[in-house]
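Read the structure below first, then the notes.
Protein chains get the first letters and strands the later ones, always in sequence-line order, with residue 1 at the start of each.
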Number of protein chains: 2
Amino acid sequence: MQALWLEDQKLSYRTDVPTPQPGPDEALIRTRLAGICSTDLELLRGYYPYAGVLGHEFVGEVVEAAAAPHLVGERVVGEINASCGNCDHCRTGRPTHCGRRTVLGISGRDGVFAETFTLPVENLHPVPEGVEDHAAVFTEPLAAAVEILEQVHLRPTDRVLVVGAGRLGQLISQVLSLSGADLRVVVRHDRQRKLLTQRGIVTIPEKDLPVGSMDVVIDATGAPGGFKVAREALRPRGRLVLKSTYAGKLDFDASALVVDEITLVGSRCGPFPPALRLLEKSLVDPTLLIDDTFPLLEGLRAFEKAGQGGVFKVLLSV
Amino acid sequence: MQALWLEDQKLSYRTDVPTPQPGPDEALIRTRLAGICSTDLELLRGYYPYAGVLGHEFVGEVVEAAAAPHLVGERVVGEINASCGNCDHCRTGRPTHCGRRTVLGISGRDGVFAETFTLPVENLHPVPEGVEDHAAVFTEPLAAAVEILEQVHLRPTDRVLVVGAGRLGQLISQVLSLSGADLRVVVRHDRQRKLLTQRGIVTIPEKDLPVGSMDVVIDATGAPGGFKVAREALRPRGRLVLKSTYAGKLDFDASALVVDEITLVGSRCGPFPPALRLLEKSLVDPTLLIDDTFPLLEGLRAFEKAGQGGVFKVLLSV
């Protein structure tokens with residue numbers, strides 16, 4: 001089958017990748033639409049030594065599912081961590097931290113930039129009828145944005161700052177805006193600003209950064225510079241959510257964190273059902289972020305475009 | 001001036017009520033539109049021994065404000081608790097619990113069902129331009145709904161039940177729906193159901209009440225029967241938010257609360273700025289609840305209507 005294959009930090013379009021065989025608890029899924037994410041771009045840069053089919057943001061159709069035949073023919077999205085189900089993490093409600101897990105298109109499991117792929121049936125969520133493919137394909141990053149509200153009690157009276165208005169920052173801003181909190185988003189480019197303003201979200205330019213006054217700050221930049229800005233904006237006893245995978249190490253003044261009694265919260269994958277509920281109610285609109293859609297055959301061009309500055313989201317149709 | 005006057009549990013329309021004189025830190029406000037609330041109906045039934053002008057939900061125009069002249073001519077809404085500013089509660093961020101406070105149209109301070117009334121200028125919030133009077137008049141009860149999210153960390157993955165889909169229950173349901181949580185609302189009448197369905201909110205009839213499974217339950221019925229239903233729906237270690245002023249005492253099994261490790265949260269007035277932000281972004285639409293608007297002169301008829309079963313909101317225009 002066709003697929004985009006990553007090996008030694010090089011991506012190639014191949015037509016000779018074997019069609020995967022689902023295990024007894026797995027489904028075989030045909031990709032309908034897939035999204036290129038910052039993590040994909042970082043895997044190309046060597047953030048994590050992965051070889052295989054790339055891609056983890058998808059909406060697809062179930063082709064085979066021995067353990068859940070009712071899912072066959074269903075349009076689904078899926079959680080990307082396939083966990084063992086038996087370890088302490090799995091048994092105590094932290095399956096996304098299972099030490100034996102594989103991660104779709106990221107670690108030990110071929111991804112979705114292909115004609116078909118497999119996932120455990122328990123990872124799948126049928127897409128509500130009213131949610132079109134172009135919105136559903138954002139469920140995974142939207143769930144990652146929702147995770148912030150799962151981890152942090154964000155109060156409607158909190159002053160909240162999002163640093164980084166790129167792909168994930170835009171989704172985070174849309175989700176946090178629903179809380180009624182006093183939300184501001186730091187923007188660098190005019191297009192970032194326009195997309196947010198369109199949703200009634202207050203933006204501030206980088207030169208007007210608040211200092212020492214925010215109750216909650218989200219760093220969605222993925223860059224050490226973003227952490228510094230986020231840290232400076234925070235008030236004493238504030239909460240700083242790290243919503244990025246930094247390539248490389250982060251240097252920061254840990255004693256100052258103690259002195260200012262700052263809470264740091266690392267935040268990664270999130271829950272799919274609330275993300276689908278927000279899409280179903282049209283409370284968020286991720287389709288605003290779509291720049292372009294390429295067929296899988298032109299996957300390398302799609303990646304070139306996704307890596308350009310100012311580009312939000314590039315999709316692959318299969 | 002004209003006003004609706006409550007005394008000895010009797011409401012009367014009067015034209016001889018003296019125009020109030022604002023104190024040095026107060027504003028004189030002309031009522032534009034006011035709402036009749038369940039608390040008003042309960043004051044009539046003797047829930048609290050109050051005599052004076054009734055009414056606390058309003059949108060008005062500032063006529064005089066010596067301490068804040070920039071507010072004159074502004075369209076405002078206002079927080080109803082006028083606190084002393086000096087006691088322990090006031091100094092530690094709990095002004096709505098000040099022991100020396102007066103409460104607009106409820107305790108020690110004439111209310112808004114009148115041509116004019118007074119409030120401290122610090123209680124006032126200008127209404128954003130895009131928010132029309134018919135929406136702004138709901139700011140106070142909407143803030144009371146928002147207070148739930150201020151007090152309780154409602155997680156997007158929580159199963160949440162609202163018991164009571166009347167005036168306040170509708171606003172609470174609209175606000176909690178924005179959290180992405182798995183929300184269900186118990187409805188009694190078809191109109192309650194329709195208003196919620198219109199906003200994409202899942203309703204359940206009283207006969208299908210969940211038992212022992214909800215993470216968070218809100219009792220917005222104002223009736224002891226509502227508490228019982230809410231309590232039964234809750235899972236062990238669940239959180240029960242009491243969003244009602246019960247006329248009379250509530251009997252419940254306190255040992256069962258201990259055994260099931262239930263958290264009870266009493267919840268009253270809430271923050272205005274987030275409520276205004278939700279209105280400005282059209283994330284909630286309270287105007288759906290308006291049944292009728294009467295001139296102040298027909299205030300007694302308005303109260304008659306507001307007291308009828310199945311009626312959501314009756315407004316008074318001045």
Chain A to chain B donor-acceptor contacts, backbone plus side chain, under 3.5 Å:
unit_1	atom_1	unit_2	atom_2	d
A/Leu149	O	B/His153	NE2	2.8
A/Glu150	OE1	B/Thr157	N	3.1
A/Glu150	OE1	B/Thr157	OG1	3.2
A/Glu150	OE2	B/Thr157	OG1	2.3
A/Val152	O	B/His153	NE2	3.2
A/His153	NE2	B/Leu149	O	2.8
A/His153	NE2	B/Val152	O	3.2
A/Pro156	O	B/Arg277	NH2	3.1
A/Thr157	N	B/Glu150	OE1	3.1
A/Thr157	OG1	B/Glu150	OE1	3.2
A/Thr157	OG1	B/Glu150	OE2	2.3
A/Ser177	OG	B/Lys281	NZ	3.0
A/Gly180	O	B/Arg277	NE	2.6
A/Gly180	O	B/Arg277	NH2	3.1
A/Ala181	O	B/Arg277	NE	3.2
A/Arg277	NE	B/Gly180	O	2.7
A/Arg277	NE	B/Ala181	O	3.2
A/Arg277	NH2	B/Pro156	O	3.1
A/Arg277	NH2	B/Gly180	O	3.1
A/Lys281	NZ	B/Ser177	OG	2.9

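Only the side chain of A/Leu283 has a heavy atom closer than 4.5 Å to any heavy atom of chain B. Proximity to chain B is limited to the backbone of A/Val152, based on heavy atoms less than 4.5 angstrom apart.
To the nearest 0.5 Å, the span separating CG on B/Leu149 from CG on A/Leu178 amounts to 11.0 Å.
The heavy-atom pair separating A/Pro274 from B/Pro156 by the smallest distance is CG-O, 3.3 Å.
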